[in-house]
**Student:** 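Sharing a structure with you now.
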Amino acid sequence: MKTTFIPIDYDYFDFEGRNYIKIIGRNKEGKRICVIDTCHIYLWAILEEKLSEKAVKEIREEIQKIKLNIKGRETQVEKTELHEKNFLGKKVNAIKIFATNYKDLHDIANRLDLKGIEKRRGYDLGFITHYILEKNIIPLNWHEISGEMLNNSNEFGGIDKSLDIDFCIKLESAKPLKDEKDSNDIDKTIFTPKVLAYDIEADEFRIGEGEIIMISLVSDKFKKVITCKKHEKTKKLDYVEYAESEKELLEKFVEYVKKISPDFLVGYFSDGFDLPYLKTRAEKNKIKLSLGLDDSQPRFFKGAVLTGKISGIVHIDLLKFIKTAYSQYMQSETLSLNEVANEFLGEGKKQFEIKHSSKLDENELERYYEYNLHDSVLTYGLFFKFWPDLIEFTRIMQEPIFNVSRNGMSSNVEDYIIHNLEKFNEIPERRPTYDEIGSRRKIEKYEGAFVLEPTPGLYENISLFDFTSSYGSVIVTYNLSKSTFISQEEIKKEKKKIEDSYSIKALNKEVHFSKKPGFFPEMLKEIIKKRKQYKEELKSSNLESKKEEDVLKRAKSNAFKLLANASYGYQGFFGARYYCLEAAAATAAFAKKSIKEAIEKIDKSGYKTIYSDTDSIAFLLQNKTKTQVKDFLKKLNSELPGIMELELEGFFKRGIWVTKRTGDIGAKKKYALINEEGKLKIRGFETVRRDWCKLARTLQNKVIKEVLEDGNEKRAMVSIKEVIKKIKKREIDIKQLIIKTQLKKPISEYKAISPHVIAAKKMLGKEMPIDPGALIEYYISETKTGKPGKKQLIREKVKLPDEKGEYDIEYYLNHQILPAVENIFQVFNIDIKEIANCKNQKKLCEF
DNA sequence: GACTGAACTATACC
DNA sequence: ACGGGTATAGTTCAGTC
């Protein structure tokens, strides 16, 4: 039979010693299809140079003899082939060694310690990656497939009988449907999946320690809260369904998931909370959480954090994807569902103070249902907000969405590389061993970016240039990568010449990179090119366009941008297959050189550079016009090597740079600009730091705004005086004075007991859940808890927000408000501390 | 017990 | 363990007098 097919979930199973892929997806009619297929399994033995034909033949014969008996399963090498391949850019002869089961590849590799074999590669990719590489059936791309229907046949042990699907196909052929570019048929590109969002509420925060009291489910035209906390008097809400016990609640949950049978089961922080909680409670109640299409229970994988996988239904934890794909652009201070939903959906969580269920009265219970339901409503909304990005990330990395949605950027870069190696006839590099990672991590850091020390002051008519995909274009321009790096040994052996190479001083030595294009820079060149292309296509369309085509384009543009930016970090990342510290260090060094040269040219051309950080330059227009600046930019670009390019970030009416708190030199990474429309761009100031109290932040923001709008400090002076008076009169609401600091590690590991650690300890005493990552809130009170007489530490005055007490006037004045504005007034030669504390001017003191 | 620089800690920038 | 280095600035710690 023939059908269309979009692969969603990839899994595999063994049958008669062989690996089979099991892909769950849908066709255009919305039918759920399971595709069974297999592919060749192999690894590579890279041969030493200049081996005789006879020697190669002998090695192949030797390999052919390998027989394994592992865990009672006997297998052997099926066949070998000799290929001309590339490994790290070098031409090599390699033996392709075919095996029956991918689980044997490691063991076969261990047996290949033969003379003449230099390296063994391609045994650590995992079967799913291997399959996608071999068969080119890329996740979330539409395919046209044909194959044999397995209708309750006994093939593969009757696998399809136990699967809740429409039909099961043993694949014969598959080809991708036409590229969306060649077609106006929009539903070839957009696929609207069936999604079920869920959220649980439990009596304890610790996984599995309390009862699950309700679960909300939201899908298309479907809203439900199942609960085992029924209040007799409560009028029944139409979406609430009662269960007699936690056990029945869990059973009903499983029933609903099975009935709705979504493509995606989506939660928020559900890898770390909801799913493991459900699992533990199901175990306690001695029932099976058979959520999988094959009735299997969720499987959990240990990584840095737990991940929960359900067979056939893709479990998505939206938090993880948002963290890697979007957090760098976000305004939210935390990635809590409330803040993230507010930012992307314009609507936050329902207000509700969570209590133990035994303490809830009927009104509260009803509000609890609403609260629980709303969390799923938000999660559902967020899923579709990010669906275009999820699709495009998946299509670009070519790995299953389950993985891509959880990957960090380094894994994304690596997936992209692995799936694009074939174009370069490259054999994949292996993962570093545990020991290699260890020694890489010990290596001293290399020198990074250049930051120009600004001269503090208020400036007018400023222009900002920055290098587009700065580090990425450096890598491409100077061909910096593991495969193009010319090592000391190679130079010594005179195997490679360094006269005609890209060279720079980095890591306290001269490093050289071949000019022959390497696959990594070539891939990156393509990434940057695509990013540019999609960005330009979008520019001609409406930026806010909601057309599906544009939405996908925006997602693509974003994915390629992130890939380009992450590729520098990737080469310096200790866990990378293509780790190359020299390349990373050289990238930073070349970038530093480029920006310094650009600054020099800018200054020589009648402008005045006032600040620069890594890839951006702020300079004064002096007497020049905007047109002149634009022409000058063109000239600069014509002189830049390779794909290096500067772009105009914008023109600004005014800008302020301040001094460091200690000493009177200019502070780096701290400035504020205002453009002609009056829009502010504030960097580094306390305003943008979440560990300063709201009062200090809003006041500083106001002061910056007024100073930049007016060009003088008069209005700002009035603002600050008002606030000082209010503080001294105790007119400030505690809410404005709450300091939020994140707990970065377990309380016991802190060497220095700072205020937020004390606050965390207090919370622990109140049985509040405190884990690393929690944002601790507190304020500084006047209460003294330390020994009398001794100099008081700030931590001795810490109080939790709901603890009664008076705020410490002195602290908030001298540790929050004044430090936040002091340096700004200093630009106008005003000592705001003296004014506030009435030093040296008792007669004039206004407070 | 007060003072001071170092250490520790969190957060931001690009 | 799950991108990198550069930078500011707070609070506490530990050594000195």
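A, B, ... follow the sequence lines: proteins, then strands. Residue 1 opens every chain.
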**Student:** Quick one: list whatever passes ring pair (Phe, Tyr, Trp, His ring centres under 6.0 Å) with A:Phe393, sequence neighbours left out.
**Tutor:**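 Only A:Phe321 meet the ring pair (Phe, Tyr, Trp, His ring centres under 6.0 Å) criterion with A:Phe393.
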**Student:** May I ask you to decide whether A:Arg430 forms a salt bridge with A:Asp124, counting only side-chain N to carboxylate O separations under 4.0 Å?
**Tutor:**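 Salt bridge flag = no for A:Asp124 with A:Arg430.
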**Student:** Taking the nucleotide of DNA chain C with the closest heavy atom to each, which residue, A:Val451 or A:Asn565, is nearer the 5' end?
**Tutor:**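 Result of the comparison: A:Asn565.
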**Student:** Any luck finding a side-chain donor-acceptor pair between A:Glu414 and A:Tyr570 under 3.5 Å?
**Tutor:**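 Distance-only check passes for A:Glu414 and A:Tyr570.
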**Student:** Using the P atom as the point on both nucleotides, what is the distance between B:dT9 and C:dG3, in whole Å?
**Tutor:**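 Here C:dG3 and B:dT9 have their P atoms 22 Å from each other.
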**Student:** Got a sec, which residues hit side chain to side chain contact (heavy atoms under 4.5 Å, CB included) with A:Ser567, two or more places apart in sequence or on another chain?
**Tutor:**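 A:Ser567 satisfies side chain to side chain contact (heavy atoms under 4.5 Å, CB included) with A:Ile475, A:Phe520, A:Leu524 only.
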**Student:** For residues 588-600 of chain A, which side-chain N or O atoms pair as donor and acceptor with protein atoms under 3.5 Å away, sequence neighbours left out?
**Tutor:**
residue, atom, partner, partner atom, Å
A:Lys592, NZ, A:Glu447, OE2, 2.3
A:Ser594, OG, A:Phe590, O, 2.8

**Student:** Roughly, in whole Å, what's the span from CD1 in A:Ile617 to P in B:dC14?
**Tutor:**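 Computing the A:Ile617:CD1 to B:dC14:P distance gives 13 Å.
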**Student:** Output all residues satisfying side chain to side chain contact (heavy atoms under 4.5 Å, CB included) with A:Thr662, sequence neighbours left out; order by chain, then residue number.
**Tutor:**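 Here no residue qualifies.
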**Student:** Can you tell me the distance, in whole Å, between the CG atom of A:Leu452 and the C1' atom of C:dA7?
**Tutor:**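 For the pair A:Leu452 CG and C:dA7 C1', the rounded distance is 14 Å.
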**Student:** Which residues pass the ring pair (Phe, Tyr, Trp, His ring centres under 6.0 Å) test with A:Phe519, not counting sequence neighbours?
**Tutor:**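 Counting only residues at least two positions away or on another chain, A:Phe519 forms a ring pair (Phe, Tyr, Trp, His ring centres under 6.0 Å) with A:Tyr578.
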**Student:** Contact class for A:Ala449 (heavy atom, under 4.0 Å): base, sugar-phosphate, or nothing?
**Tutor:**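 A:Ala449: backbone/sugar contact only, no base atoms under 4.0 Å.
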**Student:** With sequence neighbours left out, write down each residue that passes side chain to side chain contact (heavy atoms under 4.5 Å, CB included) with A:Lys705, or none if nothing qualifies.
**Tutor:**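 Side chain to side chain contact (heavy atoms under 4.5 Å, CB included) check on A:Lys705 returns A:Leu680, A:Glu709.
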**Student:** Near DNA chain C, which residues from residues 571-589 of chain A have a heavy atom under 4.0 Å away?
**Tutor:**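 Going residue by residue through residues 571-589 of chain A, the ones with a heavy atom under 4.0 Å of DNA chain C turn out to be A:Gly572, A:Phe573, A:Phe574.
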**Student:** Over all strands shown, is A:Ser410 touching base, sugar-phosphate only, or nothing at heavy-atom distances under 4.0 angstrom?
**Tutor:**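 Here A:Ser410 touches the backbone only, sparing every base.
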**Student:** Please state how far atom CG in A:Asn407 lies from atom P in C:dG3, giving the value in whole angstrom units.
**Tutor:**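 Between P of C:dG3 and CG of A:Asn407: 9 Å.
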**Student:** Using the ring pair (Phe, Tyr, Trp, His ring centres under 6.0 Å) criterion, which residues pair with A:Tyr502? Sequence neighbours excluded.
**Tutor:**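 Ring pair (Phe, Tyr, Trp, His ring centres under 6.0 Å) check on A:Tyr502 returns A:Tyr478.
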**Student:** Which is true for A:Phe450 with a 4.0 Å heavy-atom rule: it touches a base, it touches only sugar-phosphate, or it touches nothing?
**Tutor:**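 Nothing: the residue A:Phe450, judged by heavy atoms under 4.0 Å, touches no strand.
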**Student:** What's the CG-C1' distance between A:Asn412 and C:dC2, to the nearest Å?
**Tutor:**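 Result: 11 Å.
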**Student:** With sequence neighbours left out, write down each residue that passes ring pair (Phe, Tyr, Trp, His ring centres under 6.0 Å) with A:Phe465, or none if nothing qualifies.
**Tutor:**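 Once residues adjacent in sequence are excluded, the partners of A:Phe465 under the ring pair (Phe, Tyr, Trp, His ring centres under 6.0 Å) criterion are A:Phe619.
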**Student:** What's the CD1-C1' distance between A:Ile437 and C:dG3, to the nearest Å?
**Tutor:**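 After rounding, the reported distance stands at 14 Å.
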**Student:** By side chain to side chain contact (heavy atoms under 4.5 Å, CB included), which residues pair with A:Leu452, not counting sequence neighbours?
**Tutor:**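 Only A:Phe450, A:Thr609, A:Ser612 meet the side chain to side chain contact (heavy atoms under 4.5 Å, CB included) criterion with A:Leu452.
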**Student:** Examine the side chains of A:Arg697 and A:Thr687 and answer whether a donor and an acceptor come within less than 3.5 Å of each other.
**Tutor:**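 No, because no side-chain N or O of A:Arg697 sits under 3.5 Å from a partner of the opposite role on A:Thr687.
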**Student:** How would nucleotides 8-17 of chain C be written as a contact map, 5' to 3', with B for base contact, S for sugar-phosphate-only contact and - for no contact, using protein heavy atoms under 4.0 Å?
**Tutor:** SSSSSS----
**Student:** If you take any heavy atom closer than 4.0 Å to DNA chain C, which residues from residues 737-750 of chain A end up in contact?
**Tutor:**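 Heavy-atom contacts with DNA chain C come from no residue of residues 737-750 of chain A; none.
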**Student:** Write down the distance between NZ (A:Lys592) and P (C:dA7), rounded to a whole number of angstrom.
**Tutor:**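 Spelled out: NZ on A:Lys592 to P on C:dA7 is 8 Å.
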**Student:** Between C:dA1 atom C1' and A:Ile443 atom CD1, what is the distance in whole Å?
**Tutor:**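 Roughly 16 Å, once rounded to whole Å.
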**Student:** For A:Tyr671 and C:dA7, what is the distance between atoms OH and P respectively, to the nearest whole Å?
**Tutor:**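 Computing the A:Tyr671:OH to C:dA7:P distance gives 15 Å.
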